[in-house]
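So the structure is just underneath, and the comments pick up after that.
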Amino acid sequence: MDEKFHMFMETVDERFCSFVKQINEYLTGSGCKCDIKTQKSGYVVSYVSNSSKRTLATFVSRKAGMKLRIYPEHIQEYQSFLNTLPDKAKKEIKKASVCKRLINPDDCNPKCIMGYTFVLDGEFYQKCRYMAFQVTLSEENNPYIKQFLEKELLAAANYE
């Protein structure tokens, strides 16, 4: 195991170590490159798709705990899956910042990649790319996080 990844793993809550390793193995085994950086808040571990060269997911450390930020480029293909998420995960998604660029392109940095438009529990949302799907690791959320990544990789494979 890479030294940086090992150091990152030392910062992960022991309850979630096996899940984080499982996600790492799944994403790297699916052709994603793991990129690890340090920031004030801790490690940022990103997984970049070799095919699209875009980030698929990033582990980020927050005071509230470890989160996995997912960048679902193909959310339209499986947005009904969002309705199956646990209530706490849905709440995190619903309270995420709106995407200013989707609402008014002049209100945000022109270099910013636009966020996501999707339907969750029958409501229409336009959320910021960096905040929308940032789910806290928990016993309840983790199985859904894995399914979310699987659905995104499957949808992405259909476009290659």
Side-chain angles (χ1 to χ4, degrees), residues 1-9 11-13 16-17 19-79 81-82 85 89-90 92-103 105 107-118 120 125-138 141-160:
M1 196 180 308
D2 178 74
E3 181 66 27
K4 275 187 180 178
F5 188 79
H6 181 73
M7 289 168 55
F8 158 67
M9 286 303 297
T11 68
V12 176
D13 184 320
F16 306 125
C17 281
F19 177 73
V20 170
K21 285 179 185 173
Q22 177 187 8
I23 293 300
N24 179 67
E25 289 168 11
Y26 174 68
L27 292 176
T28 55
S30 297
C32 291
K33 178 182 168 267
C34 180
D35 181 43
I36 302 172
K37 294 182 172 112
T38 53
Q39 291 185 336
K40 270 193 293 187
S41 61
Y43 288 92
V44 175
V45 181
S46 298
Y47 296 89
V48 179
S49 168
N50 282 334
S51 56
S52 70
K53 304 295 184 220
R54 288 193 130 167
T55 302
L56 171 65
T58 302
F59 282 109
V60 290
S61 299
R62 295 287 185 258
K63 286 179 185 169
M66 178 79 57
K67 294 181 178 263
L68 186 66
R69 181 183 298 143
I70 301 170
Y71 301 96
E73 302 297 325
H74 304 93
I75 190 67
Q76 300 302 318
E77 304 293 317
Y78 57 90
Q79 69 180 338
F81 164 75
L82 298 175
L85 295 172
K90 286 181 184 180
E92 287 181 299
I93 292 167
K94 289 176 182 181
K95 77 174 191 178
S97 308
V98 297
C99 176
K100 294 178 190 173
R101 269 202 86 200
L102 282 170
I103 295 167
D107 281 353
C108 195
N109 183 333
K111 292 182 180 177
C112 179
I113 299 170
M114 282 195 202
Y116 305 102
T117 300
F118 59 93
L120 171 60
Y125 292 95
Q126 292 183 308
K127 296 293 186 175
C128 172
R129 166 181 178 78
Y130 302 100
M131 302 303 292
F133 301 106
Q134 188 167 265
V135 183
T136 304
L137 301 190
S138 71
N141 290 345
N142 292 357
Y144 293 90
I145 291 171
K146 177 97 185 325
Q147 287 177 44
F148 204 151
L149 293 169
E150 290 168 346
K151 289 186 180 302
E152 180 59 26
L153 284 172
L154 181 63
N158 290 335
Y159 279 88
E160 289 177 5

Is the closest side-chain heavy-atom distance between [X] and [Y] below 4.5 Å?
{"X": "F81", "Y": "I75", "value": "no"}
{"X": "V98", "Y": "Q126", "value": "no"}
{"X": "V20", "Y": "V45", "value": "no"}
{"X": "I23", "Y": "F59", "value": "yes"}
{"X": "M9", "Y": "C17", "value": "yes"}
{"X": "E25", "Y": "Q22", "value": "no"}
{"X": "C34", "Y": "L27", "value": "no"}

With rounding to the nearest 0.5 Å, note down the distance linking [atom1] in [X] to [atom2] in [Y].
{"X": "L85", "Y": "E92", "atom1": "CG", "atom2": "CD", "result": "10.0 Å"}
{"X": "K95", "Y": "Q134", "atom1": "NZ", "atom2": "CD", "result": "10.0 Å"}
{"X": "C128", "Y": "M114", "atom1": "SG", "atom2": "CE", "result": "12.5 Å"}
{"X": "N50", "Y": "L56", "atom1": "CG", "atom2": "CG", "result": "11.5 Å"}
{"X": "L68", "Y": "L137", "atom1": "CG", "atom2": "CG", "result": "6.5 Å"}
{"X": "Y43", "Y": "T38", "atom1": "OH", "atom2": "OG1", "result": "6.5 Å"}

Inset, instruction - Any salt bridge (Lys or Arg N to Asp or Glu O under 4.0 Å) involving residues 38-56? Give me the pairs, sequence neighbours left out, ordered by first then second residue. - result: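 Checked against salt bridge (Lys or Arg N to Asp or Glu O under 4.0 Å) - neighbours excluded - the pairs reaching residues 38-56 are R54-E73.
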Inset, instruction - For side-chain contact (heavy atoms from CB on, under 4.5 Å), just list the numbers for M7 and K4, CA-CA rounded to whole Å, side-chain angles, deciding distance to a tenth of an Å, and then say yes or no. - result: CA-CA 5 Å; M7 289 168 55; K4 275 187 180 178; 5.5 Å; no
Legend entry - For E77, all residues meeting side-chain hydrogen bond (donor to acceptor under 3.5 Å, both in side chains), sequence neighbours excluded: Y159
Legend entry - Partner set under ring pair (Phe, Tyr, Trp, His ring centres under 6.0 Å) for Y116, not counting sequence neighbours: F133
Legend entry - Residues which pass ring pair (Phe, Tyr, Trp, His ring centres under 6.0 Å) with Y26, listed by chain and number, not counting sequence neighbours: none
Legend entry - Contacts of type side-chain contact (heavy atoms from CB on, under 4.5 Å), residue K127, not counting sequence neighbours: A96, F118, Y125, A132
Legend entry - Pair E152, Y78: side-chain N/O donor-acceptor within cut-off below 3.5 Å: yes
Inset, instruction - Show your reasoning for whether side-chain contact (heavy atoms from CB on, under 4.5 Å) applies to C112 and Y130. - result: CA-CA 10 Å; C112 179; Y130 302 100; 4.2 Å; yes
Ignoring hydrogens, what is the shortest heavy-atom contact between [X] and [Y]? Give both atom names and the distance.
{"X": "T136", "Y": "N141", "answer": "O-ND2, 2.9 Å"}
{"X": "L102", "Y": "G115", "answer": "CD1-C, 3.7 Å"}
{"X": "S61", "Y": "M66", "answer": "OG-CE, 3.9 Å"}
{"X": "A57", "Y": "Y71", "answer": "N-CD1, 4.0 Å"}

Legend entry - salt bridge (charged side-chain N to carboxylate O under 4.0 Å, His left out) partners for K94, two or more places apart: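 For K94, the residues satisfying salt bridge (charged side-chain N to carboxylate O under 4.0 Å, His left out) (neighbours in sequence not counted) are D121.
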Legend entry - Any donor-acceptor N/O pair, R69 side chain to M131 backbone, under 3.5 Å: no
Inset, instruction - For atom NZ of K90, decide whether the heavy atoms of other residues, nucleotides or ligands shown that lie under 6.0 angstrom number more than 12. - result: yes
